[in-house]
Amino acid sequence: MRIKLHHPAREVELQGPKPVLSILSKLGLSREAHLVICNDALVTEDTVISDEDCIEIRPVISGG
Amino acid sequence: MKCRRCEKPAAIKMPRHNSAFCDLCFRDYLHKQVMKAISDQRMFEDGQPILVAVSGGKDSLVLWDILIKRGYPTVGLHLNLGIGEYSRISQAHVEKFARSRDLELIVQSYQDDYGLGVVDIAKETARPPCSACGTMKRHHFNRIAMEKGFAVVATGHNLDDEAARLLGNLLNWQIPYLKKQMPVLSDEGGKWARKVKPLYRLPEREIAAYAVLNQIDYIIEECPMSKGAKTFLYKEMLNRLEENSPGSKLQFYLGFLKERPSAFPQQIEAETQRCASCGQPCGGDLCGYCRLIQRVGAS
């Protein structure tokens with residue numbers, strides 16, 4: 001699967017299928033500080049992302 | 001995962017409520033949280049016009065969206081900070097939001113006013129950029145609100161902002177700041193516009209989720225001047241706590257609001273003076289903003 005990341009903007013690839021929670025864990029990203037978007041829809045952490053999918057992991061923390 | 005209310009597929013899991021919501025139930029929940037904040041803190045009176053400070057980030061645009069949908073009369077205020085491409089994109093997001101909903105928007109540009117942006121002003125005065133930016137924003141929010149006849153300015157500060165600020169103030173024992181840290185800052189009998197933070201019960205993750213679900217385009221990039229800011233570290237620490245013990249952030253901040261009156265009993269403050277230059281309330285002869293601008297002029 002292709003994964004779009006921010007801060008800095010980049011793309012990484014991971015082998016699927018994998019649930020969202022394990023993708024976040026594999027990339028060392030906090031589930032409290034990120035949203036996962038697949039095909040313009042929010043997905044919950046138990047959603048399984050297949051190898052063909054493209055997802056965006058969007059950070060939600062801002063400077064305030 | 002299913003929505004706890006209606007059993008449809010969930011869009012977001014919310015460990016702090018031990019639940020998950022679908023798109024529609026989540027919107028309903030989020031609106032109710034904002035309405036509870038407004039009502040608990042008596043932020044607005046019915047029909048009172050609200051000036052909404054909009055940066056182009058998720059929080060302020062979501063706040064504006066909710067206030068409109070709840071029928072509040074609002075006008076947006078965007079300050080272009082003059083931070084290169086970041087400010088250009090931020091303003092574009094705000095203008096797109098306002099245009100698509102036919103909303104009134106006031107745009108003020110530091111570059112147009114002074115020929116200098118926040119970055120230049122911070123450099124000229126040797127102030128940390130976030131500190132200079134905060135001083136300038138507070139001044140302009142108040143000035144424009146008073147000039148245009150708004151008694152209330154609403155900002156998009158969220159639970160993470162407030163909890164991180166509280167943690168920072170406690171770690172540094174900033175008692176004067178702790179005394180003042182509230183979701184509503186008084187208008188001191190009409191000297192200021194009242195500042196209100198209707199999103200103070202909501203974490204950033206839920207606000208960002210609302211933006212995605214409602215197709216609100218916002219600037220995802222962080223302000224380049226905020227790199228290394230302590231706020232990020234405090235938020236990261238609080239999120240680690242939250243992951244291990246869901247609900248910690250809200251408990252931390254609401255607990256403070258509950259205990260605050262007994263920790264800091266109401267005191268009669270010394271009469272606030274007026275700034276000799278701009279006339280806004282301040283603690284000395286000149287307010288922080290006018291001292292900043294004088295230093296820019298002198299350098």
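- Chain B forms more heavy-atom pairs under 4.5 Å with one residue of A:V43, A:T44, A:T47 than with any other, namely A:T44.
- Side-chain contact check for B:E222 and A:S62: no donor-acceptor pair (N or O, by modelled atom type) lies under 3.5 Å.
- A 6.0 Å sphere centred on CZ of A:R2 holds no more than 12 heavy atoms belonging to other residues, nucleotides or ligands.
- Two residues are said to be in side-chain contact when any heavy atoms from C-beta on lie closer than 4.5 Å; B:N239 and A:H34 fail this criterion.
- With a threshold of 4.5 angstrom between heavy atoms, B:E243 approaches chain A through its backbone and through its side chain.
- Atom CD of B:Q251 is surrounded by 12 or fewer heavy atoms from other residues, nucleotides or ligands within 6.0 Å.
- Contact of B:K249 with chain A is made through the side chain alone, with heavy-atom distances under 4.5 Å.
- Contact annotation for B:A229: neither backbone nor side-chain heavy atoms come within less than 4.5 Å of a heavy atom of chain A.
- More than 12 heavy atoms of other shown residues, nucleotides or ligands fall within 6.0 angstrom of atom NZ in B:K69.
- With a 4.5 angstrom heavy-atom cutoff, B:L213 touches chain A only via side-chain atoms.
- Contact annotation for B:D59: only side-chain heavy atoms (C-beta onward) come within less than 4.5 Å of a heavy atom of chain A.
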Determine, step by step, whether A:I61 and B:D160 satisfy the side-chain contact (heavy atoms from CB on, under 4.5 Å) criterion, reporting the C-alpha distance in whole Å, the side-chain angles of both residues, the deciding distance to 0.1 Å, and the verdict. CA-CA 8 Å; A:I61 294 184; B:D160 293 68; 5.7 Å; no
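- The candidate with the highest count of non-hydrogen atom pairs below 4.5 Å against chain B, out of A:R58, A:E32, A:R31, is A:E32.
- Heavy atoms only, all atoms of each residue included: B:K13 and A:E45 are closest at NZ-OE2, 3.0 Å.
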Trace of the side-chain contact (heavy atoms from CB on, under 4.5 Å) decision for A:S30 with B:R240: CA-CA 8 Å; A:S30 159; B:R240 285 179 65 183; over 6 Å; no
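- Contact tally against chain A (heavy-atom pairs below 4.5 Å) for B:K58, B:E162, B:R16: the top residue is B:K58.
- Only the side chain of B:Y218 comes within less than 4.5 Å of a heavy atom in chain A; its backbone stays farther off.
- Among B:P9, B:A209, B:S226, the residue making the largest number of heavy-atom pairs under 4.5 Å with chain A is B:A209.
- A side chain to side chain contact (heavy atoms under 4.5 Å, CB included) with A:L35 is found for one member of B:R205, B:E206, B:E204 and no other, namely B:R205.
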